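What follows is a single structure, written as C-alpha cells, with notes after it.
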Amino acid sequence: MDMRRLVGRNFSRIRAERGLTQEQVAETSGFSQQYISGLEQGRRNPTIVTLFELAHALGVAPIDLIDPNA
C-alpha cells in the first residue's frame, strides 16, 4: 500500500471512530471538505505539517495516520 492510501485509510477510520463528518474535521483543521475527501481517497499527498495539523484536529498523534498496522 502506498503512503497516500495508507494515510487516507487511517484518517478515514479514525474520523469515523470519533463520529466526525468530513465537514466537522474541515472546520476544526482549516482544510476544505474537498481536501479531506481527496485525502481519504488517497489522492492527496500531505506534507509533514499537514499530517500534524490533521492529527491534531482528530485528537491523535501524527504517527497514528501513518501506522501500517492500524
Side-chain angles (χ1 to χ4, degrees):
M1 177 176 296
D2 72 21
M3 185 60 69
R4 285 178 297 208
R5 290 187 13 225
L6 174 63
V7 169
R9 183 193 73 191
N10 286 341
F11 184 90
S12 179
R13 177 185 49 77
I14 293 166
R15 179 183 60 74
E17 287 173 355
R18 287 174 167 50
L20 299 169
T21 65
Q22 289 181 351
E23 291 81 8
Q24 289 170 317
V25 175
E27 288 178 21
T28 304
S29 68
F31 293 96
S32 70
Q33 186 273 327
Q34 292 81 8
Y35 182 88
I36 301 294
S37 176
L39 180 82
E40 290 187 1
Q41 295 172 29
R43 292 186 289 126
R44 298 289 183 166
N45 192 19
T47 66
I48 296 292
V49 172
T50 299
L51 286 175
F52 180 83
E53 292 170 356
L54 290 170
H56 181 74
L58 291 175
V60 298
I63 193 73
D64 294 329
L65 295 178
I66 60 171
D67 184 356
N69 300 313

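Since this is a predicted model, take the numbers as computed values, not measurements.
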Legend entry - Contact summary for Gln33 and Ala26, nearest pair of heavy atoms: N-CB, 3.7 Å

Legend entry - Any side-chain heavy-atom pair of Ser29 and Ile36 under 4.5 Å: yes

Legend entry - CD-CG distance between Gln24 and Leu58, expressed to the nearest 0.5 angstrom: 11.0 Å

Distance-only criterion, 3.5 Å: show the donor-acceptor pairs between side-chain atoms of residues 47-55 and protein atoms not counting sequence neighbours.
{"unit_1": "Thr47", "atom_1": "OG1", "unit_2": "Val49", "atom_2": "N", "d": "3.4"}
{"unit_1": "Thr47", "atom_1": "OG1", "unit_2": "Thr50", "atom_2": "N", "d": "3.0"}
{"unit_1": "Thr47", "atom_1": "OG1", "unit_2": "Thr50", "atom_2": "OG1", "d": "3.0"}

Legend entry - Minimum heavy-atom distance Leu6-Pro68, with the two atoms named: CD1-CA, 3.7 Å

Inset, instruction - Can you run down the salt bridge (Lys or Arg N to Asp or Glu O under 4.0 Å) pairs that involve residues 15-24, sequence neighbours left out, and say none if there aren't any? - result: Arg13-Glu17, Arg15-Glu40

Inset, instruction - Using salt bridge (Lys or Arg N to Asp or Glu O under 4.0 Å) as the criterion, list what pairs up with Arg43, not counting sequence neighbours. - result: none

Legend entry - Side-chain donor/acceptor of Ser12 to backbone N/O of Gly8, under 3.5 Å: no

Inset, instruction - Compare every heavy atom of Asp67 with every heavy atom of Arg9, then report the nearest pair and how far apart it is. - result: NH2-O, 4.1 Å

Legend entry - Test side-chain contact (heavy atoms from CB on, under 4.5 Å) applied to Asp64 and Asn10, step by step: CA-CA 7 Å; Asp64 294 329; Asn10 286 341; over 6 Å; no

Inset, instruction - Measure the spacing between CD of Gln41 and CZ of Arg4 and express it to the nearest 0.5 Å. - result: 13.0 Å

Inset, instruction - Supply the atom-to-atom distance Arg44 CZ to Phe11 CZ, rounded to the nearest 0.5 angstrom. - result: 12.5 Å

